[in-house]
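Numbers for residues simply follow the sequence, beginning at 1. Order of listing sets the numbers, starting from 1, for every ligand and every atom in it.
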Amino acid sequence: MGLNLTQKIIGKHLVGGEPTPGSEIAVKIDQTLTQDATGTMAYLQFESIGLDRIRTELSVSYVDHNMLQDDFKNPDDHRYLQSTAARYGLYFSRPGNGICHQVHLERFAVPGKTLLGSDSHTPTSSGIGMLAIGAGGMDVALSMAGVPFTLKMPKVIGVKLTGRLKPFVSAKDIILEILRIKTVKGGVGAVFEYWGPGVKTLGVPERATITNMGAELGATTSIFPSDEITGAFLRAQDRFKAYRKLKADPDALYDEILEIDLSQIEPMIALPHSPDNVKKVREVRGVKVQQVAIGSCTNSSYRDLMTVAHMVKGRVVAENLSAGIAPGSRQVLEMIARDGGLKALISAGLRIFETGCGSCIGMGFAPSSSGVTVRSFNRNFEGRTGTKDAQVYLASPQTCVAAALKGEITDPRDLKIPAPRIKVPWKFIIDDRMILAPLPEKKAKQVQILRGPNIAPLPQTAPLQGALKGEVLLKLSDNITTDHIMPAGAKILPLRSNVPAISEYVFERVDKTFPKRALQAKADGKAGFVVGGINYGQGSSREHAALAPMYLGVKAIITKAFARIHLANLINFGILGLTFKNESDYDLVSQGDEVELDTSGLEKGVLSFKDKTACVEIPLVCKLSEREIRILRAGGALAHVKMKSKEKVNS
Ligand code: MIC
Ligand code: SF4
């Protein structure tokens with residue numbers, strides 16, 4: 001029986017476990033990436049492992065998120081990251097060089113290799129036929145130390161693409177359509193593997209838009225084959241040597257098949273406040289728009305921005321609206337400048353933001369009060385823009401332009417302008433001077449790591465043992481995102497290297513009293529519990545959504561179901577993640593209840609959870625593997641690794 005591409009790449013990298021869906025496997029990681037908002041923690045963790053140099057084939061440290069510098073914190077972090085990269089043998093992509101995912105795709109991604117990144121949109125590089133997975137910073141730190149990455153073998157959903165997109169319809173509309181069908185939890189435990197005749201109608205950046213937003217499906221990753229189009233992209237990047245043809249065997253099997261006829265797709269749009277709240281643009285046309293934002297790691301390739309430039313050429317953005325654009329990389333910016341795109345954007349009145357994540361993560365360009373903003377980004381979670389009551393819609397660059405020109409949600413086909421035909425050049429501008437190459441080992445050893453006062457030491461984790469007695473500090477509904485748990489934005493992001501300081505903002509947009517109440521419970525010697533619904537912790541890979549609650553004394557989270565990366569982060573920082581055996585028991589627990597959880601039988605799968613206030617004993621399920629339980633018992637992943645290496649030395 002033939003293999004699909006996911007099975008082939010996993011097979012080549014498998015170092016432990018049985019690759020049957022749902023069972024734990026360990027894979028060798030070839031490349032890693034970090035960005036500044038998760039990177040400082042990852043390098044503090046790497047430092048504490050005590051190695052002299054990274055053990056991956058290639059690792060890159062990017063600066064793209066924390067670009068506003070309104071005091072010393074962000075620039076201090078950049079300096080720390082540059083010096084750790086130099087010290088430990090990494091590439092360093094300097095601020096201004098671009099968004100990690102866009103730059104990685106352009107300059108480093110290699111078909112058939114594995115990539116682990118401390119950012120949930122790491123699967124962008126899977127557009128080139130790489131197995132690229134998002135994870136918490138701790139898992140990336142361990143991968144840099146040569147520890148294989150452990151995950152549950154995903155099932156593989158084969159997405160068969162047929163047909164060809166119509167004018168004004170683009171890759172974003174494909175992934176929005178898939179999100180409409182599968183929802184934000186439809187990809188948990190799965191890889192979306194694209195195949196079929198429609199694949200060859202999409203260029204690498206279009207494929208990357210789709211794999212990027214596979215993160216919104218909750219998928220482990222998504223992947224496209226590597227074909228002659230991949231080869232042409234790599235040649236244009238002057239990296240043809242990295243090209244190899246890769247695809248599924250003709251008789252490959254998939255666990256599920258989804259068929260998408262590209263010619264049937266229309267412009268789509270995700271309505272507030274979830275990327276799966278998708279409708280056809282024409283169903284919501286006419287909604288007045290106050291802001292349009294174009295860019296992000298989802299849609300800021302050369303083709304995307306030149307499409308925008310062609311559509312706005314000779315026109316100007318609507319009167320009651322502000323529109324802005326942030327190029328994905330310095331390469332894209334230079335090329336649109338050379339080819340006249342930038343001029344068209346400037347004269348159309350678009351605000352040109354610096355190359356980086358920018359307003360996607362609430363770093364400026366927040367919408368007005370209850371303002372409607374249409375964005376070519378990938379997430380529209382409540383409050384993420386910085387304006388709590390903003391109404392965020394997600395759409396293709398084409399639909400963004402239509403909204404920007406008309407001042408209301410408009411199907412781009414209704415503009416009645418000629419469809420832009422963008423010729424992607426055969427050769428891109430290659431200039432890697434903003435990427436610092438790894439130093440040779442001898443020189444690297446002499447580098448001094450530069451730490452600013454904002455970089456606090458890693459907080460201590462505690463081993464899990466016995467009975468946890470405490471209080472349900474918070475009860476939450478379904479689909480809670482890591483943006484709810486640990487918000488980002490211009491005010492909070494600069495505290496990413498300082499867990500005590502950032503922990504003051506845990507659940508800030510849900511319940512401002514949470515940190516105070518949690519710390520009080522901790523001071524009273526009580527364990528903190530949080531109860532959630534389905535898909536708890538979806539969205540970002542930020543491990544601060546585990547680290548900061550841990551710092552506040554949260555010991556266990558009980559939900560109907562977890563999102564993959566968040567559950568792994570909880571375990572890495574010693575927080576027990578359990579699920580209700582019967583989902584309806586969720587209703588029995590209330591915020592403020594006194595509860596007791598006996599963990600002594602965890603290894604045997606025996607758990608007793610008593611809600612003393614409600615006078616009930618509630619059956620829970622532990623879906624953790626033996627390895628994960630060992631990590632919890634050790635007091636988190638770092639303690640576990642150190643314990644294991646001590647055992648090795650002593651044996
Ligand atoms: C995001 O898009 O939410 C982020 C900011 O890129 C995060 C990472 C982070 O929180 O630093 C992600 O996607 O993992
Ligand atoms: Fe940056 Fe937004 Fe992409 Fe996250 S989703 S990496 S914040 S551009």
With a 4.0 Å heavy-atom cut-off (strictly under), which part of E543 contacts ligand 1: side chain, backbone, both or neither?
neither
Rounded to the nearest 0.5 angstrom, the OH-CD1 distance for Y194 and I157 is 9.0 Å
Would you say C297 has an N, O or S atom lying under 2.8 Å from atom 1 (Fe) of ligand 2?
no
May I ask you to check whether Y88 and F46 place their ring centers less than 6.0 Å from one another?
yes
Under a 4.0 Å threshold between the charged nitrogen and the carboxylate oxygen, would E216 count as salt-bridged to K182?
no
For the 3.5 Å polar cut-off, considering only N or O atoms, please tell me whether D483 and ligand 1 meet it.
no
Interfacing atoms of ligand 2 (cut-off 4.0 Å, heavy-atom, S296)
8 (S)
Please identify which atoms of ligand 1 are closer than 4.0 Å to at least one heavy atom of A37.
11 (O)
Give the numbers and elements of all ligand 2 atoms closer than 4.0 Å to a heavy atom of H65.
1 (Fe), 4 (Fe), 6 (S), 7 (S)
Using a 3.5 Å distance criterion without hydrogens, assess whether the side chain of R379 forms a donor-acceptor pair with backbone atoms of G539.
yes
Any N/O pair S540/ligand 1 closer than 3.5 Å
yes
What atoms of ligand 1 come within less than 4.0 Å of a heavy atom belonging to S541?
12 (C), 14 (O)
Indicate if the distance from atom 3 (Fe) of ligand 2 to the nearest N, O or S atom of H101 falls below 2.8 Å.
no
is_close_aromatic(F381, H484), centroid dist under 6.0 Å:
no
Among protein heavy atoms, which sits nearest to atom 2 (O) of ligand 1, and what does the distance come to when rounded to 0.1 Å?
R384 NH2, 2.9 Å
Answer yes or no: is there a donor N or O on one side and an acceptor on the other, between the side chain of S396 and the main chain of T399, under 3.5 Å?
yes
Could you tell me the residue and atom name of the protein heavy atom closest to atom 8 (C) of ligand 1, and the distance to it rounded to 0.1 Å?
Q35 NE2, 3.2 Å
Measuring from atom 11 (O) of ligand 1, which candidate in R496, H544, R542 has the nearest non-hydrogen atom?
R496
Any idea which protein heavy atom is nearest atom 1 (Fe) of ligand 2, and the distance to it?
C357 SG, 2.3 Å
So, are D431 and R330 salt-bridged, with charged N and O less than 4.0 Å apart?
yes
In Å, rounded to the nearest 0.5 Å, how long is the span from CD1 of I429 to CD of Q237?
11.0 Å
Output the list of atoms in ligand 1 that are nearer than 4.0 Å to some heavy atom of D119, sorted by atom number.
4 (C), 6 (O), 7 (C), 8 (C), 12 (C), 13 (O), 14 (O)
Return a yes/no value for T38: is any of its N or O atoms, backbone included, closer than 3.5 angstrom to an N or O of ligand 1?
no
In terms of atom number and element, which parts of ligand 2 are under 4.0 angstrom from non-hydrogen atoms of N378?
5 (S)
Does R379 come within less than 4.0 angstrom of ligand 2, counting non-hydrogen atoms of the residue?
no
In this structure, is the centre-to-centre distance between the rings of F108 and H104 below 6.0 Å?
yes
Under a 4.0 angstrom heavy-atom cut-off, which atoms of ligand 2 come close to C360?
2 (Fe), 5 (S), 7 (S), 8 (S)
So, does S126 use its side chain to make a donor-acceptor pair with the main chain of A132 at under 3.5 Å?
yes
How close does the nearest protein non-hydrogen atom get to atom 13 (O) of ligand 1, and which residue and atom is it?
S120 OG, 2.5 Å
Quick note on ligand 1: atoms under 4.0 Å from a heavy atom of H65 include exactly 4 (C), 5 (C), 6 (O)
Quick check against the 3.5 Å criterion: does D276 have a side-chain atom that pairs as donor or acceptor with the backbone of V184?
yes
Please work out, at 4.0 Å between heavy atoms, whether the side chain, the backbone, both, or neither of D119 comes within that distance of ligand 2.
side chain
Ignoring hydrogens and angles, tell me if any N or O in the side chain of E206 forms a donor-acceptor pair with the backbone of G203 under 3.5 Å.
yes
Side chain or backbone of I361 under 4.0 Å from ligand 1, or both, or neither, by non-hydrogen atoms?
side chain
Quiz question: by atom type and distance under 3.5 Å, do the side chains of T38 and S118 form a donor-acceptor pair?
yes
